[in-house]
Peer 1: 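Have a look at this one.
Values reported hereafter were calculated over all heavy atoms of this structure, with side chains retained and with hydrogens, waters and symmetry mates removed. Order of listing sets the numbers, starting from 1, for every ligand and every atom in it.
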Amino acid sequence: MISRQESFLKPVKIGLLGLGTVGQGVANILARNAAEIERRTGRPIQLVSAAVRNQGKAEALELGIHVTTDAASLVNDPEIDIVCEAMGGDDPALSLLHSAIENGKHVITANKALIAVHGNELIAAAQKKGVVVAYESSVAGGIPIIKALREGLAANRIQWLAGIINGTGNFILSEMAEKGRSFEDVLAEAQALGYAEADPEFDVEGIDAAHKLTIMASVAFGMPLQFNGVYTEGISKITRDDVEFAEELGYRIKHLGVAKRRDDGIEMRVHPTLIPSSRLLANVNGVMNAVLVQGDAVGPTLYYGPGAGSEPTGSSVVADIIDVVRAMDAKPAHRVPSLGFQNDALESHVILDTADYRSAYYLRLQALDQPGVMASVAAIFGELGISIEAILQKEPELPVDGDENPADVPVVPIILLTRRVREGLIEQAIERLQALSTITQTVVRLRVESLA
Ligand code: NDP
Ligand code: HSE
């Protein structure tokens, strides 16, 4: 029989599914900081094997671990205590994690798509087997935001959170705004640096951010994961004009994930957003992420750090390993619950429809440069009871091919900022603006958040 003292000294054995950007970060940190980590856990941690597709490529890394292309053998290996998944995608990652749980292993994943969409079932399966599902690295790379929401802020009723939670997207927007670089050029660099998802559309169209927002909203409000409740808009349609007009009005455009708890339900949305330039979030650039959390007791707190990359993400995976090692000998009921609230105390909420969102709005119209246009625009807002905060009329431009411009007269960009209003009303206003014969292009609509 192994004594308690001996069981503490016995190494905890780790198996890695995937040895790409994240997997290599985990391997490097575990090797470099082994002694420091053991001082924290009281027990050595040993990375024993990794499963990949291309064995030769992985063996060339010379990590001194067993490398296999048979991922099933890794999750069935009785020697392995903790399985860390950093391969991405649904299949075979999900079935491998289920097998690992079924075999009584604790599981850790960086795969936000998997947690956001299949997390409820994985957590339920893990609860049955008395093992842990940990996923710190799945949100905001190296920022310990799950730890902060689940533990540091546990005294609070969280009211809302808003964050820049995709490193690739923020890198693209920052480089475009600061250096005038093209979208495609910056995206290619983000891919080369290992920031982007296997399918970069996930980054650019906000799907990756929606996965992360789903996870944060559940942990913040204590509700089951509900990915299909997130409204998502990407950054691919942001133009240099909008970036410049926003700057003139004192705002920066950021791709924001917002989760708000209201009396009538929850808003979960990812979209390009104008933020006052003076706000800290507006000044988060490059691959950096930041999440602003409003709790009823603490007020606003802000969490900032690298949102992607090998060792920043590896840092979060290894922190999960350390947490799991510390909790391994604890009774399941004494561990921090997966979503921060007792599983049987999770509450379902109404997820609000876009028409019920409340926000301020930035609208850009292209209007014929002729008398009476501004009056007809203003009349629509007046009739709908929408207050206008600011109007900017730019220099006339020559007509562009494709404009609905029968008179072939110059057009003027008109930019309007509204006060906070129900989104359904803004949609009505846009519909009526669009019907005016003097409006020559599709109205651009962006949301504005003061984050006050
Ligand atoms: P990579 O593409 O760099 O690495 C994926 C690894 O998984 C590779 O070693 C690959 O092997 C292996 N793999 C993929 N599919 C299989 C399979 N079917 N069987 C066996 N091995 C497989 O991805 P990342 O490290 O960038 O991302 C991994 C996960 O981490 C994703 O879920 C991602 O969303 C998440 N994540 C990524 C971050 C980042 O900064 N990159 C940050 C936070 C989370 P091979 O190379 O041989 O094909
Ligand atoms: N593709 C993701 C990003 C990786 O750029 O944020 C980190 O989750």
Peer 1: With a 4.0 Å cut-off on heavy atoms, is Gly141 touching ligand 2?
Peer 2: no
Peer 1: Check the pair Arg150 / Glu136 against salt bridge (charged side-chain N to carboxylate O under 4.0 Å, His left out), numbers first and verdict last.
Peer 2: CA-CA 11 Å; Arg150 227 167 47 164; Glu136 179 66 73; over 6 Å; no
Peer 1: Quick check with a 6.0 Å cut-off and a 45 degree axis cone: is Arg269 positioned over the face of Tyr357's six-membered ring?
Peer 2: yes
Peer 1: Which atoms of ligand 2 sit under 4.0 Å from any heavy atom of Asn166?
Peer 2: 2 (C), 3 (C), 5 (O), 6 (O)
Peer 1: By number and element, which atoms of ligand 2 are closer than 4.0 Å to a non-hydrogen atom of Asp203?
Peer 2: 1 (N), 2 (C), 3 (C), 5 (O)
Peer 1: Check whether any side-chain heavy atom of Thr168 lies under 4.5 Å from a side-chain heavy atom of Val204, and answer yes or no.
Peer 2: no
Peer 1: Going by an N to O cut-off under 4.0 Å, is there a salt bridge joining Lys147 and Asp323?
Peer 2: yes
Peer 1: Under a 4.0 Å threshold between the charged nitrogen and the carboxylate oxygen, would Asp81 count as salt-bridged to Lys105?
Peer 2: no
Peer 1: If I apply the N/O under 3.5 Å rule, does Ser138 come out as touching ligand 2?
Peer 2: no
Peer 1: Distance to 0.1 Å, residue and atom name: give those for the protein heavy atom nearest to atom 6 (O) of ligand 2.
Peer 2: Gly167 N, 2.7 Å
Peer 1: Are Glu389 and Arg420 within salt-bridge range, i.e. N to O under 4.0 Å?
Peer 2: no
Peer 1: Evaluate the ring planes of His271 and Tyr231, with Trp represented by its six-membered ring, and classify them as parallel (under 30°), tilted (30 to 60°) or perpendicular (over 60°).
Peer 2: tilted
Peer 1: For atom 7 (C) of ligand 2, grab the closest protein heavy atom and report residue, atom and distance to one decimal in Å.
Peer 2: Gly307 O, 3.2 Å
Peer 1: Ring centroids only, cut at 6.0 angstrom: are His349 and Phe221 within range, meaning strictly under it?
Peer 2: no
Peer 1: With heavy atoms of Lys112 as the reference, note each atom of ligand 2 found under 4.0 Å away.
Peer 2: 2 (C), 4 (C), 7 (C), 8 (O)
Peer 1: Out of Leu363, Leu365, Val444, Leu249, which one pairs with Ile415 under the side chain to side chain contact (heavy atoms under 4.5 Å, CB included) rule?
Peer 2: Leu249
Peer 1: Could you say whether the N/O atoms of Glu197 and ligand 2 ever approach to under 3.5 Å?
Peer 2: yes
Peer 1: Among Arg262, Arg447, Arg358, which one satisfies salt bridge (charged side-chain N to carboxylate O under 4.0 Å, His left out) with Glu267?
Peer 2: Arg262
Peer 1: Tell me, which residues have any heavy atom less than 4.0 Å from some atom of ligand 1?
Peer 2: Gly18, Leu19, Gly20, Thr21, Val22, Ala51, Val52, Arg53, Asn54, Lys57, Ala86, Met87, Gly88, Pro92, Ala110, Asn111, Lys112, Ser137, Gly194, Glu197, Ala308, Gly309, Thr313
Peer 1: Relative to the heavy atoms of Lys212, which atoms of ligand 2 are at a distance of less than 4.0 Å?
Peer 2: 2 (C), 3 (C), 6 (O), 7 (C), 8 (O)
Peer 1: Taking only heavy atoms of Asp208, which atoms of ligand 2 are found under 4.0 Å from at least one of them?
Peer 2: 2 (C), 6 (O)
Peer 1: To check your reading of the model: name the closest protein heavy atom to atom 5 (O) of ligand 2, its residue, and the distance in Å.
Peer 2: Thr168 OG1, 2.6 Å
Peer 1: Using salt bridge (charged side-chain N to carboxylate O under 4.0 Å, His left out), reason through Lys237 and Glu205 one step at a time and then give a plain yes or no.
Peer 2: CA-CA 10 Å; Lys237 296 197 183 83; Glu205 296 305 337; 5.7 Å; no
